[in-house]
Amino acid sequence: MVDILSELNPQQQKAVGAKPGPVLVLAGPGSGKTRVLTYRIAYLIAALGVPSYQIMAVTFTNKAAREMGKRVDGLLGGKTDGLWLGTFHAICGRILRREASYLPIDHNYVIYDADDQTALVKRVIQEKGLNHKDYRPSQVLGKISMAKNDLMGPDEFPVESYRDETIQSIYRAYQGYLVASNALDFDDMLLYTANLLESDPKIRAKYAQRFQHVLVDEFQDTNKAQYYLLYHLASYHQNIFVVGDEDQSIYRWRGADYHNIQRFTKDFSGAEKILLEQNYRSTQTILDAAVAVIDRNPNRTVKSLFSDRGAGQAIVVQEAADDHDEASYVVETISRQLMLGNATESDFAIMYRTNAQSRLLEEAFRRANMNYRLVGAQRFYGRREVKDMIAFLKVIYNPKDEVSLARVINLPPRGIGSVTLESLQSVATKAGLSSGEVLLALASGDGQSGVVADLGRSADRLLPFARLLADWHQDVSHSPLTDLFDRVLLDTEYEPYIKADSDETQDRWANVMELRQVLLEYEDQGLAAFLEAMALVADQDTLPESLDAPTMMTLHTAKGLEFPQVFIIGLDENILPHSRSRDEPEEMAEERRLFYVGMTRAKDRLYLLRARRRRSPYGSYETMQPSRFLNDLPEELYKGKIGNGFRYGNDFDVNAYQWDSVYGRTDRRKASKPAAVREQQFFSDMRVEHPVYGEGRVKNSRLEYGDETVEVYFEGLGLKALVASIAGLKTLDD
């Protein structure tokens with residue numbers, strides 16, 4: 001171990017060799033946190049003699065877990081039998097399968113992915129006679145997810161309005177259907193495990209005593225459920241080693257809470273705190289610029305990031321005429337460097353705030369006849385034919401799975417329409433069974449004639465599929481996975497169906513065969529392990545180790561990655577930072593962290609781009625304001641211009657400008673600054689009149705920079721963004 005420690009820098013040595021007890025490692029970007037975690041595991045086993053089966057290490061992605069496992073094996077020569085190393089969900093899955101007798105579900109539960117959850121919520125909303133526009137499934141699921149992340153079931157769901165009361169009723173019905181389907185969603189895996197450890201002292205003692213040491217990666221991204229899960233697991237030995245960075249917490253929208261770092265120091269008194277500040281990725285110029293941006297955020301530990309790689313090249317700040325020119329600049333810059341032999345295709349990454357920003361980039365790459373790779377678009381496991389076959393396997397494994405059954409019962413079409421399916425579901429509900437259990441009863445004809453009789457004429461339509469399901473379910477425990485897979489394809493005639501159903505015949509069938517290849521890897525582990533792995537796969541887990549093209553991705557997806565050259569586009573107000581963050585200090589702080597994460601992905605060169613105008617959803621152009629984050633860059637660190645004299649803080653006066661979205665002009669008005677506006681005067685859908693543009697209708701309005709900005713749609717002219725104090729708008733009575 002002395003030789004191993006000699007491979008680390010002094011800060012890393014201090015962390016790896018820390019005495020047992022609670023340890024908080026705050027690791028700057030590119031500082032080798034994965035290396036520290038890996039060496040810490042090896043140190044515990046080789047130097048302190050801790051048995052590997054008494055160690056649990058938790059990560060956020062399967063890719064990170066695989067990488068860490070390989071490194072530990074390499075350090076110890078494979079002496080890691082019994083080590084619990086995996087994602088939060090994978091670890092919880094292992095515990096829940098073992099302790100299923102304490103849960104409202106069986107051990108052979110299935111995990112519902114995002115599409116399954118959406119389908120189930122849609123069903124509940126429809127059954128309650130609610131309007132999908134008033135209660136959008138994605139928004140309802142977001143509310144349910146946040147509640148679960150905060151360890152709140154339907155009964156604890158906060159109700160402050162009639163809408164909250166309705167969402168609570170949807171949550172209760174949704175959860176009831178999950179239990180009836182013997183299914184969990186992702187959040188349930190954390191919620192059930194945390195609640196089990198909280199409520200049952202024997203179960204808590206069992207796991208807390210077993211694991212002498214608990215190690216955690218990306219601690220700043222944990223939510224409340226994950227925090228208390230870790231808290232209980234470390235409650236006996238108090239040996240918890242967490243690595244994180246408040247400055248890289250970018251998942252608040254899904255429940256992550258960087259304040260868990262503060263909770264950690266409070267709940268584990270006397271915790272040792274160690275900083276990792278040496279960066280092995282970026283040049284000093286990139287680090288200095290990133291630190292200048294993030295230092296504006298409150299509630300953080302100040303870190304002095306340094307690199308031995310030298311100053312490097314200046315950051316490039318480019319202001320394009322419009323969003324098309326912005327995309328063209330990226331592609332032309334990459335093309336020029338490739339032509340000169342200064343870089344390879346895989347050196348480049350283009351990052352943006354939202355997925356929609358990729359469209360113009362894709363068009364620019366296609367015009368240039370250049371390859372590109374899009375991360376976070378439709379993944380392999382999200383393709384229709386792949387989800388079809390996984391749904392077949394899920395309902396075979398767990399016939400109670402209502403969502404998967406509804407997906408495949410008429411796939412390929414076999415005459416089971418919505419009326420027949422509703423009849424089946426109604427009979428099942430009346431009998432206190434799942435639809436799959438009714439089908440198995442129908443196939444067996446073993447005396448449950450009452451249930452079968454209630455199906456009436458629907459029984460004849462359902463019987464062929466019922467027999468198939470019964471045969472498959474009977475074979476699930478003793479047939480190789482690929483044999484079962486082949487039987488489903490043959491029995492359903494899925495191949496001719498898919499080849500007749502799409503213009504992308506070869507690609508879609510190739511995807512089915514690729515899934516069969518994946519199944520081969522799970523022949524020894526069984527169907528349960530395969531289904532769990534498929535449910536928990538993440539975007540980054542599908543990213544190839546080597547890339548042969550420029551990569552495009554959102555800034556959220558870029559977390560944990562690095563590239564020699566990085567372009568960040570869309571550095572305009574209301575894009576980055578996003579418009580939703582405008583009135584929320586915590587949201588704005590996270591937008592700043594997101595930009596910081598993007599900047600620190602770059603190893604050698606960093607390009608920051610904005611556009612003076614962008615096309616709006618209404619077809620007209622909107623004049624854009626530069627992102628406030630650009631104003632934080634020290635002038636000596638970049639080359640280029642942050643345009644049109646826009647500055648923030650005391651230097652920026654939004655009231656002095658009038659934007660013309662149609663012609664893309666920015667006109668300086670020789671007007672005195674009006675008094676700050678305190679109350680909003682214009683509201684969505686209000687009819688107004690402009691002295692030049694005539695009558696229009698308000699689409700959006702907001703108070704900002706001491707005035708009210710009103711977006712008005714004028715027939716024939718499109719959308720215009722107007723400053724209320726100088727626009728001369730009058731309201732019209734409907």
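In this chain, residues are counted from 1 in sequence order. The basis for the numbers below is simple: all heavy atoms, side chains too, and nothing from hydrogens, waters or symmetry mates. Here the structure is a predicted model, which is why all the values come from computation and not from measurement.
Without hydrogens or angle criteria, K394 side chain to I111 main chain gives a donor-acceptor distance under 3.5 Å. Remark: side-chain polar atoms of Q117 are paired, donor with acceptor, to backbone N or O of Y112 under 3.5 angstrom. Here the side chain of H213 pairs no donor or acceptor atom with the backbone of I55 at under 3.5 angstrom. The backbone N or O of T166 lies less than 3.5 Å from a partner atom in the side chain of S169, making a donor-acceptor pair. Put simply, the side chain of D221 never gets that close to the backbone of S249: no donor and acceptor are under 3.5 Å apart. Not a single donor-acceptor pair under 3.5 Å links the side chain of Q238 to the backbone N or O of P22. With hydrogens and angles disregarded, a donor-acceptor distance shorter than 3.5 Å links the side chain of S444 to the backbone of A441. A donor-acceptor pair under 3.5 Å links the side-chain atoms of Q220 to the main chain of D245, judged by distance alone.
The residues E127 and R123 are annotated as salt-bridged, a charged nitrogen and a carboxylate oxygen being separated by less than 4.0 angstrom. Remark: D116 does not engage R407 in a salt bridge, criterion side-chain N to carboxylate O under 4.0 Å. With respect to the salt-bridge test (charged N to carboxylate O, under 4.0 angstrom), the residues R263 and D267 do not qualify. Ion pair R172/D155 flagged as a salt bridge, since at least one NZ, NE, NH1 or NH2 atom sits closer than 4.0 Å to an Asp/Glu carboxylate oxygen.
The cationic atom of R204 (NZ for Lys, CZ for Arg) does not lie both less than 6.0 Å from the six-membered ring centre of Y236 and within 45° of the ring axis. Taking the ring centre of Y258 as origin, the terminal cationic atom of R593 falls inside the region bounded by 6.0 Å and 45° from the ring axis. The cationic group of R414 does not satisfy the cation-pi geometry with F465, failing either the under 6.0 Å distance to the six-membered ring centre or the 45° limit from the ring axis.
Tested against K148, the residues N223, D188, D187 include a single side chain to side chain donor-acceptor pair (under 3.5 Å) partner, D188. The only member of Q226, K224, E218 that meets side-chain contact (heavy atoms from CB on, under 4.5 Å) when paired with T222 is Q226. Each of F60, F268, F264 was scored for a ring pair (Phe, Tyr, Trp, His ring centres under 6.0 Å) with F219, with one residue passing: F264.
Within a 6.0 Å sphere centred on NE2 of H107, heavy atoms belonging to other residues, nucleotides or ligands number 12 at most. E156 CD: more than 12 foreign heavy atoms inside a 6.0 Å radius. Counting heavy atoms of neighbouring residues, nucleotides and ligands inside a 6.0 Å radius, atom CD of Q262 exceeds 12 of them. The neighbour count for R461 CZ, taken as heavy atoms of other residues, nucleotides or ligands under 6.0 Å away, does not exceed 12.
With ring centers used as reference points, Y497 lies under 6.0 Å from Y494.
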Task: Working for salt bridge (charged side-chain N to carboxylate O under 4.0 Å, His left out), residues K400 and D106 - done: CA-CA 11 Å; K400 294 180 180 180; D106 299 331; 3.5 Å; yes
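Between Y251 and H556, the ring planes are tilted. Angles from 30° to 60° get that label. Between F186 and H89, the angle of the ring planes goes over 60°, which puts this pair in the perpendicular group of the 30/60° scheme.
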